[in-house]
Amino acid sequence: MFHIYCPYCAEYREEEEFHPKGQAHIARPADPTASSDDAWGDYLFFRDNPRGVHHELWVHAVGCRKFFNITRDTRSYAILETYRMGEQPGVTAETATLAERDIERRTSDTATIQGVPS
Amino acid sequence: MARVAQFDPHPVQGAATQSPLHHRAASKPSGDSRVTLVELAFLDHLVLRGEPQGLAASVQAVLGLELPVEPQRLVIGETGSLQWLSPDEWLLIVAAGEGFRLQRELREALGDSHFSIVDVSGGQTLLELGGERAIDVLMKSTVYDVDPRAFPIGKGVTSVFAKATAVIRRVGEERWELVVRRSFADYCLRWLLDAGEEYGIDYRPAKVAATTPRAAVADTETVS
Amino acid sequence: MSASQPCRLASNSGAGSQIDRDKPLSFTFNGKSYQGYAGDTLASALLANGVDVINRSFKYSRPRGVVAAGAEEPNAIVQLGASEAAQVPNVRATQQSLYDGLTARSTNGWPDAQRDMMGLVGKFGGPFMPVGFYYKTFKAPASMWRTYEKYIRKAAGLGRAPIESDPDIYDHLNRHCEVLVIGSGPAGLMSALVAAGSGVRVILCDEQPTFGGSLLDSGETIDGMAASEWASNAVERLAAMDNVTLLPRTTANGYFDHNFVTLHERRTEHLGDTAPTLDGRRQSRSRLHRVRTRHVVLASGAHERPLVYAGNDVPGNLVAGALSTYIRRYAVRPGQRLVLSTTNDHAYRAALDWQNAGGEVVAIADARANPDGELVERAKAAGIRIVTGSAVIEATADRKGHRVSGARIGAIDIEGFRVSGEVETLSCDTVATSGGYSPVVHLAAHTGVRPVWRDDILGFVPGQTASRVEGFSVVGAAAGLYPTGALLEDAVAQVVRALESDGIDAESVKIPDIETLREGSAVALYQVPHDKPTMRAPKQFVDLQNDVTAAAIELATKEGFESIEHVKRYTAMGFGTDQGKLGNINGMAIAARCLGQTIPQTGTTVFRPNYTPVNFGAIVGRHCRELFDPERYTAMHQWHIEHGAAFEDVGQWKRPWFYPQKRRDNADGEFESMHEAVMRECRAVREKVGVLDASTLGKIDIQGPDAREFLGRIYTNGWEKLAVGKARYGLMCKDDGMVMDDGVTTCLADNHFLMTTTTGGAAAILEWLEIWHQTEWPELEVYFTSVTDHWATLTLTGPEARNLLAELTDIDLDRDSFKFMEWREGAVAGVPARVYRISFTGELSFEVNVQANYAMQVWEALFAHGAKYGLTPYGTETMHVLRAEKGFIIVGQDTDGSMTPEDLGMHWCVGYNKPYPWIGKRALTRSDTRREDRKQLVGLKPLDAKVVLEEGAQIVLDPQQAIPMRMVGHVTSSYYSPTLDHGFALAVVKGGHKRMGERVYLPMPNGETHMAEVVGSIFYDPKGQRQNI
Ligand SMILES: [Zn+2]
């Protein structure tokens, strides 16, 4: 159950109030007629599914009804930031990797003896 | 040419009016109720939309209310109450029959700017929940943090309510208001009565007004 | 000791802090009556009464008794409840408080606990029933597995659900706090005190009825008082603070994302089978607290780990600490002569408590060569015999296997895994063991934090990984920190740090004074070697609840299972209701030894919610019966009920489906069938006039200078020319070109439109408009507001509609001045209304829209004037028949997300020349959406006029072809038409638009094949004249 900061309501709210709407920053081609069938297919159907930093579009459906973006780590489910429509993310896969290497260095001793995934 | 159609829903001659909960009877008095519930029916509810900087002055002038721009704020004045719903959306609740007049005046004051005012009076109703255990009833019903420490008087939110939604507002030390949609009102009432059972909940239905007075404006013409 | 409770210590023993001897209680176990005291658990009461055998085991049906004293108990699982409705399966006797009249039965043992069938398998089949037995033995023939499984499950099952409805109620409570402390032992209490002192909201929960955890049976002194007294003082202080919520009998069962924790509070399960009323009002039997917290402080403690040795499942084998718990808290000493086998100092307390309680300690077998801690000294001083370098290698049983009769102890070589010296047999009735402690890491694991092994404490603790959640601290024994003084200090430091991270100053807290015992170091021992190899030794159980033995794990590794997760699944270790709380670490250690690995190399399995079983009622809460799901009502709902409507669920709406009337030809007052009612309603609309409550249609008010432009982008058809006062049917596609919704939208004024959507699509379409506005076209000046509930919609339709409405309105209804697809404003029955002349039946229709509070006034006025015109209320089924006769689609019934407007034959509704590339346009030029063999909407006319085709029936072109046949489409809507007097259907057929007049076949499961002709989709009044009379 996520706890999500709505950038419009300016507070944390429960996941039940939100709907996820898929990957963020998918812009509709300005001139669809000019885009090839392949490009149009990519726009419609193909989405990233990264292990790690992911930018997602959500809507505060039971609340202010505003759409906004979430940067989320798909491994830990940690929400790294939320930001309004039209804004760009402050955390990206690149910036997060740098921060993470630092954490990994510190936890590498324990990493080798963690339980195996099930 | 009219830009927006306005419509006064109230009959000139009185007509029978029914709240969404007209079919539900009062609970039997128990003497030791620690929760009270009453429907405040037939108020006029308007949804106001626009950019706050464009609206604030006209709202102040026409309604005598400060337009709340801070999220979750509820302002209560003589005219009625005005609640922030989103950065460009407010809920105005005023006395029965006042909505149409105020809408006209607001439209006149706002002139050509881009805004919208929509009458939703028939689509929702107001319930007042009170008593020392009202807070427990709310905790059973909504995921929102209603602890008085986190929910001061004058705050209002839209959140999950049981499996429906509601606008939840704190208007007094132990007084709360719930704005529920007409079609969900019966479900919400049954939920509240069930949730309040262990505290002894005293439910009083709205007084049925035989007629609703119509605002002074007689025409239902569109205005520009 | 009392005769009725032979194992209960005398009241002058000073033991029994939790029981109230002045409140004796009666209870029944397996049909026999016993006595216990208020404060007892069912387990302590059974032990007090000398009941050794509580269950038969799951697989081998061996007699089993109490092993532990808490949540980790694997054996003493009972079926609770005197009446059928009150049955509760899988209740741990160690956690069930005793109440007067409690009725419990053994969970296992069919046909009965004494002479059970599976016992034969267990006794004689035992040696031949290795791991994977069920898979291997009952595997062939595969078809028989279901038969075998039925009996195996019945024989071995873990309790049963009641077959009567639960009389109790349950509920949920949403809570929010800054600090949630899970567990009220020393670390939990200390953490709560620190957090509470800072003024933030604190919740402290503990699964036991009394707060204090290990302090309740500790012999320690804290701040000069007994540990239990210090605990009760702390609890009193917490209880007095209004920022603290104390939840005893409450188990934290699941730890979810972002510090969301579910707590299961058993509110009345200690009071009776069903919840008693409170002040004459019902109260919930148990409650699920849904807690969102800034910080979780996990103080869940540790479970003592038993050793694995031969015969370790015979009743009378317990974990050492449980003895202290039973003696000190419940004044129960469950035996006479004890042999203790230990790897550490701490377990010596059990022997000392046993001796103090008047029992005989035959010997302590200590696996260490030179134990030298203070407790060891005390045991020596008490004259207890200590055999070093040794362990109990086998517990022997009496003839029936109902109780321990002796212990074989021998010198062992841990490194070489062998018995290294003489084996001595000691007579005893109780064997207690301790292999150290396993921190309770379950909740931490729920969040994805993997446990890591620490050699210094011989246990897994929650790991410090990159994914470890913010605001999560582990304190005390759960973190592998055992000495009381040290763990109190650590808890204070961690909570202060957590509060400071939020900018909250914690009050300075004095750390209590504790006398610290000098403890010798422990030794790592899990499975005790036997004088025979594991495979041939008497069974050495690892997981008592699932009957998994050391030999089974060894066999699994020999059969090639190297991953601990595979070993777990192959042996079923840890799959019971106890999730292997006692056995898992031993199992992993055995697997590691067999694989020649270390425990860290082998790893651990992880745990998932719930920590202990939660009853379904608590999960459901109040979302059941009449509150299971919201029911949405229109303003006319009561009228529909009063007039006998049958209702149809459309989303959450209750819509009148049809109105069965009393049959005129039947004196018994029998009601019409659905078919009869629908035929009558259809005829009324086609011949006279009907009225439909259409209030459920979605309605969206759209205002703004760009409203018209917005509509043009969202709908497939054009909106530039729609004049004020007029309405238009619109079709919406997704950007993949597939139809998603439809409805009529009206131009109320230049900048003002009212959109209608399908009943089911209302919320989704509003969100659809918003997502395009907010994410793609924020520059368009337009606002959308839902008015679905505000307007009630009364649809008057049929040739007499105008005549009836004319009696009630001042609107000029003349056909030439109020044209089809126009709207007018005026009063209807004295109520201001917007009236739309649109039609979904093909007949002359007026949709009357009024503010919902006035709807009944209008509805009743229609009926007051309607009798002479034959006004008939009709429901959704008649609506469906009438619209299908006209070939009007219902999105979601005749479409399924793969139909383009052209597939539906609605190219007339597509504005290819609109300037803006509207939603769906680009996709409609893709080669796939241009294919001529796409499934297309057509009409089907069954050759047999009486046949009503089944909706969903598959269509083939050649009924003689071999199965599997090539299917070319299916029926989407099908009804009997009283107007046409034959069945008819809408269907999608590949290339259907070019198949007019062709014959298709519909093979049915019963072997029958229907024949139908492909026809146009409009069956009635193809020129559309009737809506224009
Ligand atoms: Zn929001």
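Below, chains carry the letters A, B, ... as their sequence lines are ordered, and counting in each starts from 1. This is a predicted model, so every value here is computed, not measured.
- For C:Tyr783 and B:His114, the gap between ring centers is short of 6.0 Å.
- Note that OG of B:Ser141 and CG of C:Asp171 are 10.0 Å apart. Values are rounded to the nearest 0.5 Å.
- For the pair C:Arg281 and B:Ser30, the minimum side-chain heavy-atom distance is below 4.5 Å.
- Although no hydrogens or angles enter the test, the distance criterion places a donor-acceptor pair under 3.5 Å between the side chain of C:His752 and the main chain of B:Ala5.
- Counting heavy atoms from C-beta outward, B:Lys163 and C:Leu627 have side chains that stay 4.5 Å or more apart.
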**OP:** Evaluate the salt bridge (charged side-chain N to carboxylate O under 4.0 Å, His left out) criterion for residues C:Arg622 and B:Glu198: first the C-alpha distance (whole Å), next the side-chain angles of each, then the deciding distance (0.1 Å), finally the verdict.
**Re:** CA-CA 13 Å; C:Arg622 299 306 298 135; B:Glu198 66 175 303; over 6 Å; no
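- Distance check, rounded to the nearest 0.5 Å: CG of B:Asp186 to CD of C:Gln638 gives 7.5 Å.
- Residues B:Gln18 and C:Gln857 have side chains not in contact (no heavy-atom distance under 4.5 Å, counting atoms from C-beta outward).
- In this structure, chain C has a heavy atom under 4.5 Å from the side chain of B:Val47, while its backbone stays farther away.
- For an aromatic pair to be called close, the ring centres must be under 6.0 Å apart, and B:His23 with C:Trp639 fails this.
- Heavy-atom distances place both the backbone and the side chain of C:Asn243 under 4.5 Å from chain B.
- For B:Asp145, the parts lying near chain C are the backbone and the side chain together; criterion is any non-hydrogen pair under 4.5 Å.
- In this structure, the portion of B:Thr142 lying under 4.5 Å from any heavy atom of chain C is its backbone and not its side chain.
- Atoms CG and OG1, from B:Asp119 and C:Thr785 in turn, are 11.0 Å apart once rounded to the nearest 0.5 Å.
- Interface residue C:Glu626: backbone and side-chain heavy atoms are both found under 4.5 Å from chain B.
- At a 4.5 Å heavy-atom cutoff, the contact between B:Tyr199 and chain C is made by backbone and side-chain atoms alike.
- Residue B:Ser121 touches chain C through both its backbone and its side chain, counting heavy-atom pairs closer than 4.5 Å.
- Under 3.5 Å, the side chains of C:Tyr854 and B:His10 contain a donor-acceptor pair of N or O atoms.
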**OP:** Show the numbers, then the answer: is there a salt bridge (charged side-chain N to carboxylate O under 4.0 Å, His left out) between B:Arg181 and C:Asp789?
**Re:** CA-CA 7 Å; B:Arg181 287 178 71 176; C:Asp789 287 23; 3.2 Å; yes
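- Atom CZ of B:Phe7 sits about 11.0 Å away from atom CG of C:Leu754, to the nearest 0.5 Å.
- Between the side chains of B:Arg182 and C:Asn853, a donor-acceptor pair is found at a separation under 3.5 Å.
- Proximity to chain C is limited to the backbone of B:Asp136, based on heavy atoms less than 4.5 angstrom apart.
- With chain B as the partner, the residue from C:His623, C:Glu631, C:Lys654 showing the most heavy-atom pairs under 4.5 Å is C:His623.
- The neighbour count for B:Asp112 CG, taken as heavy atoms of other residues, nucleotides or ligands under 6.0 Å away, does not exceed 12.
- Counting only distance, with no hydrogens or angles, the side chain of C:Asn174 and the backbone of B:Met139 share a donor-acceptor pair below 3.5 Å.
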